[in-house]
2 protein chains.
Amino acid sequence: MAKIVVVEDEKDLQDLLTYNLEQAGHTVVAADRGAEGVRLVREQRPDVVLLDLMLPDISGTEVCRTIKNDPSCRRTAVVMLTARGEEVDRVVGFELGADDYVVKPFSVRELLLRVQAILRRSHPAEPGSDELIEFGVLKVDRQAHRVWVSGEEIELTALEFRLLMTLYERKNRVQTRSALLDDVWGIQADITTRTVDTHVKRLREKLLGARNYVETVRGVGYRFCGSPDEAVA
Amino acid sequence: MAKIVVVEDEKDLQDLLTYNLEQAGHTVVAADRGAEGVRLVREQRPDVVLLDLMLPDISGTEVCRTIKNDPSCRRTAVVMLTARGEEVDRVVGFELGADDYVVKPFSVRELLLRVQAILRRSHPAEPGSDELIEFGVLKVDRQAHRVWVSGEEIELTALEFRLLMTLYERKNRVQTRSALLDDVWGIQADITTRTVDTHVKRLREKLLGARNYVETVRGVGYRFCGSPDEAVA
DNA sequence: TCCGCGCTGTCACCTGCCTGTCACACGACC
DNA sequence: GGTCGTGTGACAGGCAGGTGACAGCGCGGA
């Protein structure tokens, strides 16, 4: 289906990823080191790079920056593999331009889902999967991880951004708190469901005029409204 | 909620899993041996199998392969329980078609989350439960949790929504109050049966023009009428 | 090295709505 | 007409969700 480069020094994990991605029908090339990773990416022009943040030689952030600054690799999406509490915000944000991240330890299932999601988005053939989203007063540039409300840019954390995108992708479908925990935080997250509430609150605060797009369905969960007009109420 | 088969020879762990899964509302059947596990799976057709990798007779991988190759068990998801360091076996686990795995020692909480996630993801595949329902003047979007009557959206509480869906799914069949208590309120309904009446009343109030779809069968219970026309009276 | 800052998870408090229960009214069936 | 079953309105308690505050953590700057 897609060509993927895995840059990961831990051999077991590299094998696990390679095997399962191939099993899912992708072509995989793996590298142990950052430098080798960069070389492979330039040579192979993959659709996706899975990039460990901690590498023996060059740091993953450096690799990411290099890739993203290389015009010939513009088509390549970068997914960072990070340990909990690592600098996710800078990595995924505007600064480095990674397209998504997964927090270790992750389940293979989760990673595959994320890779699928990225591939789906970057396939321009498919309609409705634009990287540039316009929804009422809300505007989102997924690649740059930037968000505007009524033309005014707002700053979201990596987590808030992912929460917003997860809700948006399932527009007009209720998401239970535990479904959101899975898809936003990852399965291993040892978190109270009330944490979701808090982050929804923070997200709404920042969304200002677009805050009503995120609707509460009492006793069930949250829902991104189906069309901008419905939300005015 | 779901039916689960646990295949685990270590008695303590088996008990622990059984207890916690039942506590979470699932039905659990446990086996000590691989062969017994296969038999149980074929017999019970569970939603999920928790499968230890190290079993006294047949290995877990073998059990997994057998299950996954049996067409009648296609609907069953397999979660492998593996000991730490069996990296190779992780791979093998996925090779065999296991849907997920957990590394021992794992927290019960984590396992429950995984089981939930698997159930959630495999559920929508269920046929026959249309997501968009149109029935006379009544329209229901199950995924969005929204209801319209004659084009006008009405607001139902989570409970009322469940009640309506339960009645609708058993269209044209009388539901006793206690059956409704089971299905809408959950098994341990510690409630007066008259509570059902109250909620039917509230539901009818909100249903406006569709209120006659919910019929009273005196001395028995309630019934959702078979076709929209019957209800005009 | 220390301090401050931003992000995040948790908690406690509060409010409003949902919900279970009751008592009474009403209607059907005998 | 009597009785049983159901409809209905009122009410109190509880719970779900919004919200503000706080602590831990990692990072960056001094």
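- Within the 6.0 Å centre-distance limit, the rings of Phe135(A) and Phe224(A) are counted as a close aromatic pair.
- As rounded to whole Å, 14 Å separates atom P of dC11(C) from atom NE2 of His199(A).
- Rounded to whole angstrom, the span from the CG atom of Leu159(B) across to the C1' atom of dA16(D) amounts to 14 Å.
- Across the protein-nucleic acid pair, Ile191(A) atom CD1 and dC11(C) atom C1' stand 15 Å apart, rounded to whole Å.
- Summarising the geometry, the separation between CG on Leu180(B) and C1' on dT19(C) is reported as 16 Å, rounded to the nearest angstrom.
- The interatomic distance linking Leu181(A) (CG) with dT10(C) (P) rounds to 10 Å, in whole Å.
- Atom-to-atom, CD of Glu155(A) to P of dC7(C) comes out at 8 Å; the value is rounded to the nearest Å.
- Side chain of Asp52(A) to backbone of Leu55(A): no donor-acceptor contact under 3.5 angstrom is found.
- In this structure, Thr157(B) and Glu160(A) both approach DNA chain C, and ranking their closest nucleotides by distance from the 5' end singles out Glu160(A).
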Could you give me the CA-CA distance, side-chain angles and deciding distance for Asp197(B) and Arg177(B), then say whether salt bridge (charged side-chain N to carboxylate O under 4.0 Å, His left out) is met?
CA-CA 8 Å; Asp197(B) 299 37; Arg177(B) 289 180 174 69; 2.7 Å; yes
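- For the pair Leu156(A) CG and dG6(C) P, the computed distance is 16 Å after rounding to whole Å.
- Other residues, nucleotides and ligands place no more than 12 heavy atoms under 6.0 Å from the CD atom of Glu152(B).
- Note on Thr195(B): a side-chain N or O is less than 4.0 Å away from OP1 or OP2 of dT21(C).
- Residue Trp185(B) places no side-chain N or O under 4.0 Å from the OP1 or OP2 atom of dT19(C).
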In B/S/- notation, 5' to 3', how is nucleotides 7-15 of chain D contacted by protein heavy atoms closer than 4.0 Å?
BBBB----B
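- In this structure, Asn20(B) contributes its side chain and Leu16(B) its backbone to a donor-acceptor pair below 3.5 Å.
- For the side chain to side chain contact (heavy atoms under 4.5 Å, CB included) test, residues two or more places apart in sequence or in another chain that qualify with Arg162(B) are Leu159(B), Val184(B).
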